[in-house]
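First comes the structure, then the notes that go with it.
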Amino acid sequence: MPKWWLHKRSAGEGVAIKPHYENGDVSYECVELTENSNTDFDPSEGTVSRSDVECPHCGVITEYEETRELLKNGEFEYQIYGVKYDDPRGGSGYRAGDDLDQQALKRAEERIESDFELLTFLSEKVEVSSRITDPATYGMEEWRDIFNPRQLVSHYEYCNAFRECAEEIREEYDTREAEAILTILTISASKMIDRNSRMSPWDTGRGYPANMFMSHNYSFRRVFCDNNLVSETMGYEDTSRKVIDCYEQLVEMAAGRDAAEVYCGDAADLTSKVGEGSVQAAVVDPPYYDSVMYAQLADGFYVLQKAYLSDVHPEFFTSELTNKSDEAVANTSRFEGLEGEKSKKQLAKEDYEEKMAEIFSELYETLEPGGVLTIMFTHKETDAWDTLSMSLIEAGFTITATHPITSEMPNRVVMRGSQSADSTILLTGRKPLHEKEDTGGATLWDDVKSETRSEAKKAARELLDSGLSLTKTDTIIAAFGPTLRVFADNYPVVDKKGEEVPPRDALSAARDAVAEVLAERYLDTKGFDDLDGLTRWYVLSWLIYETDTMPYDEARQLGIGVGVNIDDVKRDTKIWGKSSGDVQLKTHSNRVQDIVRVENGEDVSSRKYPVNPTDERFSHGIDAVHSAIHVYETKGPEAAWEWLSDRGLKNDERFRTTVTALLEVLPQEHETAETLRDILSGRTGEYLDIDISNINLNVRGEDDEDNQAALNEFE
């Protein structure tokens with residue numbers, strides 16, 4: 001158990017389950033905790049720490065790998081430790097799990113062992129790549145295994161009830177209506193998996209079941225929801241009502257309009273269905289490169305829907321699982337074990353590019369001359385845009401614009417720290433009125449680069465002046481359209497050696513140009529462009545992402561724009577580190593040697609802490625500022641004054657500029673910002689005499705939208 005909360009309303013307050021351990025057994029008590037509760041029990045302290053488990057009886061630690069093997073081998077049992085119930089009067093409440101709950105679970109286990117048909121229900125093999133975590137790692141080798149016994153029996157009984165009702169529905173309605181009704185009811189049933197499986201977590205903040213795919217993968221859950229499907233809340237009838245309401249809204253929207261032709265098929269084979277040159281506009285929402293493995297995530301729903309609908313829509317359920325080989329995603333797991341000069345990542349990229357090229361070529365053929373193609377794309381990674389752009393260009397499209405649309409749910413958990421933008425980006429392309437003549441020549445990148453930067457800057461300024469509520473990251477991505485238009489109009493583009501330049505080089509140039517515009521717009525600090533590349537990269541990273549963590553590819557591209565290879569400087573500067581594959585900016589505490597130990601002649605690891613605060617000169621402005629902060633915090637204001645004056649930093653414009661730039665971009669509650677404000681007050685402030693009258697140093701409030709966001713908004 002990671003924690004014992006059932007519903008945590010605020011810090012230390014809410015409903016929790018208190019375990020009682022005696023003679024190797026455990027029992028549970030439901031407790032209501034308030035601010036004034038006089039108890040030593042902390043529901044936030046469970047038995048799990050960093051995936052290792054401590055036995056509450058004897059204190060023995062079982063490491064994660066061993067726990068996983070026990071789970072895989074079936075050497076575990078389920079326990080119901082807490083229950084949320086519906087009150088007959090309309091409310092709800094919580095109680096502890098008891099013996100009756102365990103007996104009910106035991107009866108479900110016995111039912112499965114004695115019912116032959118149940119033994120084969122959802123018995124398809126799990127085939128999931130490690131990219132999205134593999135349930136088989138924890139012993140879930142068949143899709144039936146992602147349910148506990150009671151969940152499996154529940155889903156099975158609803159499937160049987162559906163089959164009984166299907167005959168009555170077919171007798172009462174004509175074939176088309178009956179198929180529609182049965183399909184809608186199946187959607188209700190498959191939607192129930194979302195909050196009723198071993199993959200469905202419990203949301204302690206809200207006190208009810210959460211969604212299965214909160215993080216776009218099959219994450220193992222130590223604590224999961226066993227949902228009662230006959231309850232009024234989140235049960236079958238409640239789910240069905242929501243599905244039917246959505247259907248009726250769609251019907252209402254379609255009423256009185258011309259009929260639409262709908263079919264399901266391969267997007268790379270459109271002309272045989274639609275016809276060449278017959279469509280004015282095409283709108284597509286393609287897979288986001290390597291962001292989501294849709295087919296693998298769909299398998300759990302596919303096998304259940306197959307159990308319901310295999311006789312209603314047999315053409316959709318001809319395979320045991322979903323078709324993954326033809327899916328247009330960059331899935332490296334498809335190329336496991338292949339030997340050759342190309343990496344798995346490169347092979348996956350080429351596979352995605354080839355499939356998207358086939359799709360765009362088909363779209364090109366279906367569109368009439370001058371027809372418009374609109375693509376919804378939220379991916380931020382340059383590789384994804386590079387691949388998508390190349391596919392469009394090779395298909396013959398002229399890329400005309402990108403339009404940001406604020407459509408994503410703000411701060412949704414699944415997108416934080418992901419490769420997805422906060423807004424949906426609509427990329428617009430056109431089929432030329434006349435086929436472009438092949439001149440056989442290529443354009444030099446040097447001739448294209450300046451126009452690329454100019455168009456990107458123009459687009460960024462227009463977006464910033466538009467009044468749209470866009471993040472700085474979205475502003476960068478939204479400028480890709482004009483950039484790609486320039487690139488496509490001049491394609492193919494080559495460098496001085498005659499080697500072809502990919503779209504990613506144009507996108508990198510655009511990213512750099514827009515970063516300059518953002519600095520001009522949001523940084524009042526004079527002399528910023530004169531700072532060294534590393535310091536500029538550090539400040540721009542905070543300015544654009546407003547947090548210390550950002551996608552690696554974006555951080556690397558931003559570094560290229562200011563002349564810094566972040567991989568080359570990582571070891572020698574320790575200015576950044578990796579956090580779950582992302583770049584995390586480091587503070588002075590991670591970089592600066594302890595000045596007291598250095599002055600005492602003690603050995604301090606320069607490899608771990610590369611910045612020596614006793615140096616007279618510093619290679620980078622950020623090193624000098626981090627050293628000053630360390631001295632101030634370690635030895636106090638007087639020692640900091642002496643340290644600053646000994647190095648003549650009063651007249652060091654690079655130091656002064658770095659200080660003011662950091663105060664402009666850092667969240668005001670950040671430890672670095674707090675110490676810098678202290679340094680700029682008192683005697684050290686009098687010595688430095690830095691004008692910060694243009695900087696708002698108030699901590700961000702609810703109504704203060706112009707200030708930098710506080711760190712806790714990104715947790």
Short question: side chain of [X], backbone of [Y] - any donor-acceptor pair under 3.5 Å?
{"X": "Trp643", "Y": "Pro613", "answer": "yes"}
{"X": "Thr660", "Y": "Thr657", "answer": "yes"}
{"X": "Ser454", "Y": "Glu451", "answer": "no"}
{"X": "Arg461", "Y": "Val517", "answer": "no"}
{"X": "Arg597", "Y": "Val604", "answer": "no"}
{"X": "Asn211", "Y": "Phe213", "answer": "no"}
{"X": "Arg683", "Y": "Trp641", "answer": "no"}
{"X": "Thr67", "Y": "Glu63", "answer": "yes"}
{"X": "Thr535", "Y": "Leu531", "answer": "no"}
{"X": "Gln668", "Y": "Leu666", "answer": "yes"}

*Take Lys449 and Asp446 through the test salt bridge (Lys or Arg N to Asp or Glu O under 4.0 Å) and record every step on the way to the result.*
CA-CA 5 Å; Lys449 187 174 182 180; Asp446 286 348; over 6 Å; no

Answer yes or no: are there more than 12 heavy-atom neighbours, outside [X] itself, under 6.0 Å from its atom [atom1]?
{"X": "Lys457", "atom1": "NZ", "result": "yes"}
{"X": "Glu674", "atom1": "CD", "result": "yes"}
{"X": "Arg206", "atom1": "CZ", "result": "no"}

Contact summary for [X] and [Y], nearest pair of heavy atoms:
{"X": "Asp386", "Y": "Leu507", "result": "N-CD1, 3.9 Å"}
{"X": "Val486", "Y": "Glu455", "result": "CG2-CG, 3.6 Å"}
{"X": "Pro610", "Y": "Asp572", "result": "CB-O, 3.1 Å"}
{"X": "Leu484", "Y": "Ser389", "result": "CD1-OG, 3.3 Å"}
{"X": "Met376", "Y": "Leu426", "result": "CG-CD2, 3.2 Å"}
{"X": "Trp5", "Y": "Ser44", "result": "NE1-OG, 3.1 Å"}

*Give the intermediate values and the outcome of side chain to side chain contact (heavy atoms under 4.5 Å, CB included) for residues Arg677 and Leu680.*
CA-CA 5 Å; Arg677 291 197 298 271; Leu680 294 184; 5.9 Å; no

Look up atom [atom1] in [X] and atom [atom2] in [Y], then write down how far apart they are to the nearest 0.5 Å.
{"X": "Glu554", "Y": "Asp582", "atom1": "CD", "atom2": "CG", "value": "9.5 Å"}
{"X": "Glu599", "Y": "Thr614", "atom1": "CD", "atom2": "OG1", "value": "7.0 Å"}
{"X": "Thr658", "Y": "Glu653", "atom1": "OG1", "atom2": "CD", "value": "10.5 Å"}
{"X": "Leu523", "Y": "Leu540", "atom1": "CG", "atom2": "CG", "value": "7.0 Å"}
{"X": "Ile622", "Y": "Leu534", "atom1": "CD1", "atom2": "CG", "value": "8.0 Å"}
{"X": "Arg511", "Y": "Leu518", "atom1": "CZ", "atom2": "CG", "value": "11.0 Å"}

Can you find a pair of side-chain heavy atoms, one from [X] and one from [Y], that are under 4.5 Å apart?
{"X": "Arg647", "Y": "Phe618", "result": "yes"}
{"X": "Trp576", "Y": "Lys570", "result": "yes"}
{"X": "Met550", "Y": "Gln584", "result": "no"}
{"X": "Cys225", "Y": "Met212", "result": "no"}
{"X": "Phe41", "Y": "Thr39", "result": "yes"}
{"X": "Trp4", "Y": "Tyr81", "result": "yes"}
{"X": "Val223", "Y": "Pro201", "result": "no"}
{"X": "Pro482", "Y": "Lys458", "result": "no"}

_Would Leu558 and Ser541 count as a side chain to side chain contact (heavy atoms under 4.5 Å, CB included) here? Give the steps._
CA-CA 8 Å; Leu558 186 61; Ser541 296; 3.6 Å; yes

Are [X] and [Y] close enough that a side-chain donor and a side-chain acceptor fall under 3.5 Å?
{"X": "Thr47", "Y": "Glu54", "value": "no"}
{"X": "Thr587", "Y": "Asn590", "value": "yes"}
{"X": "Thr675", "Y": "Glu633", "value": "yes"}
{"X": "Ser606", "Y": "Gln593", "value": "no"}
{"X": "Asp532", "Y": "Tyr538", "value": "no"}

*Establish, yes or no, whether the cationic atom of Lys472 lies under 6.0 Å from the six-membered ring centre of Tyr522 and within 45° of the ring axis.*
yes

*Within 45° of the six-membered ring axis of Tyr609 and under 6.0 Å from that ring's centre, is NZ or CZ of Lys574 located there?*
no

_For Trp202 and Tyr94, take the angle between the two ring planes, folded into 0 to 90°, and tell me which bin it lands in: parallel under 30, tilted 30 to 60, perpendicular over 60._
perpendicular

_Ile690 and its side-chain contact (heavy atoms from CB on, under 4.5 Å) partner, picked from Val659, Leu663, Ile679_ = Val659

_Of Lys3, His7, Arg9, the residue whose pairing with Thr204 passes side-chain contact (heavy atoms from CB on, under 4.5 Å)_ = Lys3

*Show the numbers, then the answer: is there a salt bridge (Lys or Arg N to Asp or Glu O under 4.0 Å) between Asp512 and Arg453?*
CA-CA 8 Å; Asp512 177 35; Arg453 288 176 52 83; 2.9 Å; yes

*Kindly determine whether Lys8 and Asp203 satisfy salt bridge (Lys or Arg N to Asp or Glu O under 4.0 Å), including the steps that lead there.*
CA-CA 9 Å; Lys8 185 178 181 181; Asp203 188 336; over 6 Å; no

*When you look at Asp567 and Tyr552, which way does the side chain to side chain contact (heavy atoms under 4.5 Å, CB included) test go after all the steps?*
CA-CA 10 Å; Asp567 292 320; Tyr552 167 79; 2.6 Å; yes

*After noting the C-alpha distance and the side-chain angles of Asp52 and Val48, does the key distance pass the side chain to side chain contact (heavy atoms under 4.5 Å, CB included) rule?*
CA-CA 6 Å; Asp52 295 336; Val48 176; over 6 Å; no

*List in chain and number order the residues that pass side-chain contact (heavy atoms from CB on, under 4.5 Å) with Ala506, two or more places apart in sequence or in another chain; answer none if no residue qualifies.*
Trp445, Thr452, Thr483, Phe487

Can you give the donor-acceptor pairs under 3.5 Å from side chains of residues 13-20 to other protein atoms, not counting sequence neighbours?
| residue | atom | partner | partner atom | Å |
| --- | --- | --- | --- | --- |
| Glu13 | OE1 | Ser10 | OG | 3.0 |
| Glu13 | OE2 | Glu35 | N | 3.0 |
| His20 | NE2 | Glu29 | OE1 | 2.8 |

